[in-house]
> 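Structure incoming, see below.
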Amino acid sequence: MSEEVKVEDQSQEAQETAVSQAEAEHALNNVAVLKKGATVKGKIVKVGADQAFVDIGYKYDGVIPVRELSSVSLNDAAQAVELGQEVELKIVSINDAKETLVLSKRVVDNEKAWETLQGQLDSKEIIEAAVAEVVKGGLVVDIGVRGFVPASMVERQFVEDFSSYKGRTLRLRVKEIDREKNKVILSQKDILDEEFETNKKKIIEGLQVGQVLDGTVQRLTQFGAFVDIGGIDGLVHISELAWQHVEQASDVVKEGDKVKVQILKLDPSNDKISLSIKATQDGPWSNVERDFKAGDIVTGTVKRLAAFGAFVEVAPGVEGLVHISQIAHRHIGTPHEVLKEGQEVQVKILEINLAEKRVSLSIKDTEDAPEAPAGAAAPSSAGKPERERQPRGDRDRGNSASHQKEIAGNENVSLSNQGLSMTLGERFGDKLAKFKK
């Protein structure tokens with residue numbers, strides 16, 4: 001009985017062996033015959049530093065060297081593929097004797113990319129790509145082929161250092177392709193410009209003249225400063241930067257400053273906005289009544305000299321007139337004889353006219369009058385010997401009338417009685433002279 005069982009076991013083992021050998025032969029006979037240049041699909045089973053291993057259903061795994069993973073240079077295979085990823089590959093070489101199978105993902109991606117690039121160029125399609133390299137003159141991206149973004153086509157504004165852009169994803173548009181030269185030029189700036197123009201029109205439509213907004217100084221020019229008011233720039237002309245006179249914009253603001261601005265003018269057809277910083281601030285005359293009163297003696301700076309007097313700044317943006325008759329105790333023919341622009345002087349406030357924004361000043365009233373030399377002949381009322389005096393009518397026409405004409409249109413000149421009127425001595429000098437005889 002035991003012998004019969006033994007025979008049956010041997011027979012079963014022989015059958016199983018025959019079946020396994022048949023299955024092995026069948027599997028070998030059905031293994032795909034691979035050749036160089038063929039396209040295959042597989043799954044990433046291992047990722048190393050300089051290569052990735054892929055199972056394509058062959059009798060041994062294939063290898064993708066890091067140089068064959070992408071059209072751009074990589075530091076690590078993990079930058080291009082990950083474990084379990086399905087990939088399409090081209091056979092670069094195969095050697096069954098040594099069981100080596102070299103594959104390329106780069107070649108397949110490259111072929112597919114050129115097929116779609118022309119369509120993306122024609123349709124102006126927006127694509128996304130990560131920055132693989134920062135090179136001289138721009139950025140390199142992997143879009144199946146090596147794509148180049150010139151520095152001038154990355155952002156709307158100038159970028160000095162692109163080192164932080166590596167790994168950053170950009171939105172790009174194909175600008176130029178040349179397959180023979182393997183050349184692809186892309187631009188992000190075109191997309192940003194279009195979005196800016198669309199956004200700018202929407203912003204302008206929501207603005208109103210007189211509106212006060214917060215802004216940021218973007219750049220300075222000889223004629224003023226451009227201020228960003230929320231996605232759109234407006235110009236603050238140099239005359240609108242401050243109430244006082246400004247020589248150059250950098251004297252008042254610098255790039256990056258946060259400022260308040262008021263809209264002066266909107267020109268949607270030309271996308272122009274005129275702004276003012278000084279309109280959001282108290283004018284120089286708003287505190288004059290609080291800070292000054294008639295009779296005060298203050299320090300000022302001579303800003304301008306005219307034939308009829310000197311304009312002296314007593315506070316930023318507040319100028320008053322020192323009439324020529326109020327400059328010195330002695331007679332002077334022109335203010336230039338005793339004053340110069342930029343000179344600091346002491347002045348006495350004679351009159352303040354807030355309604356007309358005018359201040360009358362005197363320099364001589366801050367100084368003691370010089371004493372007449374002993375035994376000197378009494379001067380005439382005009383400070384000249386009587387024989388040199390002109391008739392009153394001629395004097396009025398030659399001096400007073402011409403001065404009033406010159407200052408009539410000047411908002412900084414006050415027609416103060418103390419500054420311009422004839423003295424009693426001048427009015428009655430002739431009559432008093434008769435009684436002295």
> Any sub-3.5 Å donor-acceptor pair from Q85's side-chain atoms to E82's backbone N or O?
yes
> Knowing that exactly one of D296, I297, V314, V288 qualifies, which makes a side-chain contact (heavy atoms from CB on, under 4.5 Å) with I349?
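Passing option: D296.
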> Do you know which two heavy atoms are closest between K43 and G84, and how far apart they sit?
CG-O, 3.6 Å
> With no hydrogens and no angle check, is any side-chain donor or acceptor of E111 less than 3.5 Å from a backbone partner on V108?
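Side chain of E111 to backbone of V108, a donor-acceptor pair under 3.5 Å: no, none is there.
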> Mark yes when over 12 heavy atoms from residues, nucleotides or ligands other than E344 sit less than 6.0 Å from its CD; otherwise mark no.
no
> Can you check whether K200 reaches I203 side chain to side chain, under 4.5 Å on heavy atoms?
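With C-beta onward as the side chain, the pair stays apart.
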> Is it the case that more than 12 heavy atoms not belonging to R168 sit under 6.0 Å from its CZ atom?
yes
> State whether D109 and K105 are salt-bridged, where the test is any N-O pair (Lys NZ or Arg NE/NH1/NH2 against Asp/Glu carboxylate O) under 4.0 Å.
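Yes.
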> For residues 123-133, tabulate all N or O donor-acceptor pairs below 3.5 Å that involve a side-chain atom, not counting sequence neighbours.
residue, atom, partner, partner atom, Å
S123, OG, G119, O, 2.9
S123, OG, E125, N, 3.4
E133, OE2, S73, OG, 3.3

> Calculate, to the nearest 0.5 Å, the distance between atoms NZ and CZ belonging to K189 and R156 respectively.
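Here the rounded value is 7.0 Å.
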> Closer than 3.5 angstrom, by distance alone: can the side chain of H329 be matched with the main-chain N or O of P370 as a donor-acceptor pair?
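Flag not set: sc H329 to bb P370 has no pair under 3.5 Å.
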> Is the count of non-hydrogen atoms from other residues, nucleotides or ligands lying under 6.0 Å from Q222 atom CD greater than 12?
no
> Under a 4.0 Å threshold between the charged nitrogen and the carboxylate oxygen, would K254 count as salt-bridged to D257?
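Judged by the 4.0 Å cut-off on N to carboxylate O distance, D257 and K254 do form a salt bridge.
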> Any Lys/Arg nitrogen of K258 or D214 sitting under 4.0 Å from an Asp/Glu carboxylate oxygen of the other?
no
> Return a table of donor-acceptor pairs under 3.5 angstrom between the side chains of residues 175-184 and protein atoms on other chains or two or more places apart.
residue, atom, partner, partner atom, Å
K175, NZ, D190, OD2, 2.9
E176, OE2, K183, NZ, 3.4
D178, OD1, E180, N, 3.3
D178, OD1, K181, N, 3.3

> Any chance you could measure W285, atom CH2, to D291, atom CG, to the nearest 0.5 Å?
12.0 Å
> Would you say that more than 12 heavy atoms from the other residues, nucleotides or ligands in this model lie under 6.0 Å from the CD of E86, or not?
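Counting other residues, nucleotides and ligands, CD of E86 exceeds 12 neighbours.
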> Do you know which of E313, E341, E319 makes salt bridge (Lys or Arg N to Asp or Glu O under 4.0 Å) with R304?
E319
> Any sub-3.5 Å donor-acceptor pair from W243's side-chain atoms to K278's backbone N or O?
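Yes.
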